[in-house]
Amino acid sequence: MNSSFQAPIGTHDVLAPQSALWEGLVATFAQLAFQYGFTLALTPMFEEIGVFNRGIGENSDVATKEMYVFQDRGDRTYALRPEGTASVVRAFIQHQPTTPYKAWYVTPAFRYERPQAGRYRQHHQLGVEAIGTDDPAIDVEVIALAWRFYQALGLRRVRLLINSMGHDECRGRYVNVLKGHLEEWREQLCDEHQKTWIQNPLRVLDCKRESCINVVNDGPLLPDFLCSECANHFASVRKGLAVLGIESTLDPRLVRGFDYYTRTTFEFVAEALGNAQNAIGGGGRYDGLSEQLGGKPAGGIGFGSGIERLLLAREAEGITQNLINRTIDLFVVDTSGLDVATVVVDELRNQGYAVVRSFDARSMKSQMKLADRSGAALALLIGPQEAESDQITIRDLRGEDFERDQQLVAREDLIFTLRQRLKK
RNA sequence: GUGGGCGUAGCUCAGUUGGUUAGAGCGCCAGGUUGUGGUCCUGGAGGUCGCGGGUUCGACCCCCGUCGCUCACCCCA
């Protein structure tokens, strides 16, 4: 153990029974995404580095210090994907599917940073992207999908924060005024932002230090700088959400970590997660991204959600309900040592049953223990006697009166009997 | 990148002022009826006490380093 390998820093193996939660979560999302008209997009886990840092911004933390960058043997510079959107947009540009192109994905994402609760070097995100339409109705659809997904997971204490960044011009005007304000009060900013406010003034907005918060609080607010078109768009989105009964809270200081966001931006916060890592999902519109990546102009919007954080949030809310059934139906106990068991197991699986057996010719007692622990409803016993007479003993593992509930059936009647007993 | 806490069996942890073969519970394996599970009883396997160095007659225990885990800051999912 001491000299053996272990998973790299900030990564985790997900094994049973935890992994069943993942299966359920992904299956739930896949079904929902399908219902909303999204199709699955599988894109590479690494891309030319420009795909990522052009969109998310050369100055962003993710691009400057958190990206996993490497050279391959052909001297190309690649990066492991730090987020989901850029790859899908790159694929959109490359293949030019008909618009609106609506895709969902589930993928690992990599960020080189010190791990802590709810933050890892490899985490997993699922999300959607809708590219090629500016209609605020699609914004509503994307946000609604996320909302319904959280509900399906059983989450009840989720808050939706929303804001609009406007398009380039609105944002530009705002940033100018904001810069002026920050310059005036720069001495009041926290140490960190006294140095960086010029490069990335928007970052100061979500600084959590009191000094910066005070400065920002008397500062200009983004929504006040929206042009009429952007303001209308934003109003439509909010109205659409309201019509669906989805409550959103305007957070004029909400600016997300990636530079590509325009107009609608939003974040879902799990209130049950008290710590700083309580954002379980977020996203927004990225109307300039396609062009930044060399494509034609195409507006788009998407959201991504962290699987690990969703599971943490569920745990924090005390939700234990399984999203998928992973209990097996039958355990075949074989002490005959003949091929009968192998054939029976195969037949049952072909019939659609989940069937497990033991190996290494263990004793009957030992196999019964395994059968019990397997969670199976019934054990099928095949010993020398059954093999000889072409019969099988069906034993109930869950009934209360387990001493007696045992039934000997002819092999040819097995499936028929199981159908009735398992009702499937 | 910075700071705090922690590293003893698969898991959760004991381990007395440094003293000889390092313990418990759970789990695992086997047996208690040579065809039968949940309880019970008995036995067993399993640890270079994270790693390296130092102090000492002697280190799981003290010191230094290192690696890892964890939590927090920053930022994000």
Side-chain angles (χ1 to χ4, degrees), chain A residues 1-12 15 56 59-66 81-85 106-127 146 190-193 196 200 203 206-209 212 255-258 267-270 273-283 303-313 331 333-336 358 360 362-376 378-388 393-406 408:
Chain A
M1 167 191 166
N2 302 319
S3 60
S4 62
F5 295 108
Q6 60 184 79
I9 300 176
T11 69
H12 295 277
L15 311 177
I56 65 183
N59 288 327
S60 69
D61 274 22
V62 169
T64 54
K65 56 183 194 190
E66 295 178 1
R81 78 160 44 124
E83 56 100 34
T85 300
V106 52
T107 177
F110 305 86
R111 311 231 178 120
Y112 191 91
E113 52 193 346
R114 285 284 283 272
Q116 65 183 279
R119 210 192 61 185
Y120 315 105
R121 288 191 172 179
Q122 176 177 340
H123 73 281
H124 299 78
Q125 290 189 17
L126 37 75
C190 72
D191 296 349
E192 170 90 19
H193 288 114
T196 60
N200 210 338
R203 282 265 67 77
D206 55 16
C207 179
K208 287 168 192 96
R209 282 188 251 274
C212 282
V255 286
R256 301 187 33 81
F258 304 137
E267 193 166 290
F268 292 96
V269 175
L273 294 176
N275 55 18
Q277 281 75 250
N278 61 359
I280 55 173
F303 88 91
S305 219
I307 294 179
E308 287 87 348
R309 287 197 190 168
L310 288 171
L311 293 174
L312 285 173
F331 191 104
V333 171
D334 168 50
T335 56
S336 74
S358 79
D360 302 318
R362 298 230 222 171
S363 70
M364 165 144 290
K365 175 173 177 157
S366 169
Q367 292 191 48
M368 283 303 294
K369 272 188 182 174
L370 296 177
D372 184 45
R373 270 180 266 150
S374 75
L378 301 175
L380 304 184
L381 315 197
I382 304 172
Q385 285 168 34
E386 284 88 349
E388 173 74 20
T393 297
I394 302 176
R395 181 167 175 84
D396 189 346
L397 294 170
R398 302 299 145 207
E400 292 170 25
D401 193 7
F402 66 87
E403 264 326 312
R404 284 186 205 160
D405 197 357
Q406 191 158 300
L408 190 61

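Bear in mind that the values here come from a model prediction, so they are computed numbers and not experimental data. All chains are named by letter (A, B, ...) in the order of the sequence lines, taking the proteins before the strands, and each is independently numbered beginning at 1.
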Visitor: Taking both distances under 3.5 Å as the test for a Watson-Crick or G-U pair, what stems of at least three pairs does RNA chain B have?
Guide: B:1-7 with B:67-73, B:10-13 with B:23-26, B:28-32 with B:40-44, B:50-54 with B:62-66

Visitor: If you measure from the P atom in B:rU42 to the same atom in B:rU66, how many Å do you get, rounded?
Guide: 49 Å

Visitor: Rounding to an integer number of Å, can you tell me how far A:Q406 CD sits from B:rG35 P?
Guide: 14 Å

Visitor: Expressed in angstrom and rounded to an integer, what is the separation of A:H124 atom NE2 from B:rA77 atom C1'?
Guide: 12 Å

Visitor: So which protein nitrogen or oxygen atoms get under 3.5 Å of nucleotides 70-74 of chain B's nitrogens or oxygens?
Guide:
from, atom 1, to, atom 2, distance (Å)
B:rC71, OP2, A:A117, N, 3.2
B:rA72, OP2, A:Q116, OE1, 3.2
B:rA72, OP2, A:A117, N, 3.4
B:rC74, N3, A:R119, NH1, 2.8
B:rC74, N4, A:Q116, NE2, 2.8
B:rC74, N4, A:R119, NH1, 2.1

Visitor: In whole Å, what separates the P atom of B:rC69 from that of B:rG50?
Guide: 16 Å

Visitor: Please report the distance, rounded to the nearest Å, between CD in A:E388 and C1' in B:rG35.
Guide: 15 Å

Visitor: Quick check against the 3.5 Å criterion: does A:S305 have a side-chain atom that pairs as donor or acceptor with the backbone of A:L126?
Guide: no

Visitor: Name all residues meeting the side-chain contact (heavy atoms from CB on, under 4.5 Å) criterion together with A:A109; count only those two or more places apart in sequence or in a different chain, and write none if there are none.
Guide: A:H123, A:Q125

Visitor: Hey, which sits more toward the 5' end of RNA chain B by its nearest nucleotide, A:A279 or A:Q385?
Guide: A:Q385

Visitor: Using the C1' atom in both, what is the distance from B:rU55 to B:rU8, to the nearest Å?
Guide: 22 Å

Visitor: Would you please name every residue forming a side-chain hydrogen bond (donor to acceptor under 3.5 Å, both in side chains) with A:E66, sequence neighbours left out?
Guide: none

Visitor: Quick check: do A:H124 and A:V106 have side-chain heavy atoms less than 4.5 Å from each other?
Guide: no

Visitor: Less than 4.5 Å apart, side chain to side chain, heavy atoms only: is that true for A:T335 and A:P384?
Guide: yes

Visitor: Once you round it to whole Å, what is the distance between P of B:rC75 and CG of A:N278?
Guide: 14 Å

Visitor: With a non-hydrogen cut-off below 4.0 angstrom, is A:L381 in contact with a base, only sugar-phosphate, or nothing?
Guide: base

Visitor: For nucleotides 25-32 of chain B, give me one character per nucleotide, 5' to 3': B if any protein heavy atom sits under 4.0 Å from the base, S if the only such contacts are to the sugar-phosphate, - if neither.
Guide: ---SSSSB

Visitor: For the atom pair NZ (A:K369) and OG (A:S374), what is the distance rounded to the nearest 0.5 Å?
Guide: 14.5 Å

Visitor: What's the spacing between A:Q6 CD and A:I9 CD1 if we round to 0.5 Å?
Guide: 9.0 Å

Visitor: To the nearest 0.5 Å, how far apart are CG in A:L408 and CG in A:L381?
Guide: 9.5 Å

Visitor: Using a heavy-atom cut-off of 4.0 Å across all strands, would you classify A:F258 as base, sugar-phosphate, or nothing?
Guide: sugar-phosphate

Visitor: Tell me whether A:R309 contacts the main-chain N or O of A:A279 through its side chain, where contact means a donor paired with an acceptor under 3.5 Å.
Guide: yes

Visitor: Without decimals, in angstroms, what is the distance between A:E386 CD and B:rG35 C1'?
Guide: 8 Å

Visitor: Without decimals, in angstroms, what is the distance between A:L311 CG and B:rA77 C1'?
Guide: 12 Å

Visitor: In whole Å, what separates the P atom of B:rC13 from that of B:rC71?
Guide: 14 Å

Visitor: Starting from C1' on B:rG37, measure out to CE on A:M368 and report it in whole angstrom.
Guide: 4 Å

Visitor: Report yes or no: does A:Q406 contribute a side-chain atom to a donor-acceptor pair with the main-chain N or O of A:T393 at less than 3.5 Å?
Guide: no

Visitor: Which whole-number value in Å describes the distance from A:I9 CD1 to B:rC67 P?
Guide: 9 Å

Visitor: If only atom types and distance count, is the side chain of A:R121 paired as donor or acceptor with the main-chain N or O of A:F110 below 3.5 Å?
Guide: no

Visitor: Taking atom types as modelled, find out whether A:T11 and A:Q122 have a side-chain donor-acceptor pair closer than 3.5 angstrom.
Guide: no

Visitor: Which residue lies toward the 5' end of RNA chain B, A:T335 or A:E83, if each is placed at its nearest nucleotide?
Guide: A:T335

Visitor: Please state the C1' separation for the pair B:rG23 and B:rG68 - nearest whole angstrom.
Guide: 25 Å

Visitor: B:rG27 and B:rU21: how far apart are their C1' atoms, nearest whole angstrom?
Guide: 25 Å

Visitor: P atom, B:rC73 versus B:rU56: distance in rounded Å?
Guide: 44 Å

Visitor: Residues in side-chain hydrogen bond (donor to acceptor under 3.5 Å, both in side chains) with A:R362, at least two apart?
Guide: A:S366

Visitor: Considering only the P atoms, how many Å lie between B:rG52 and B:rC57, rounded to the nearest integer?
Guide: 23 Å

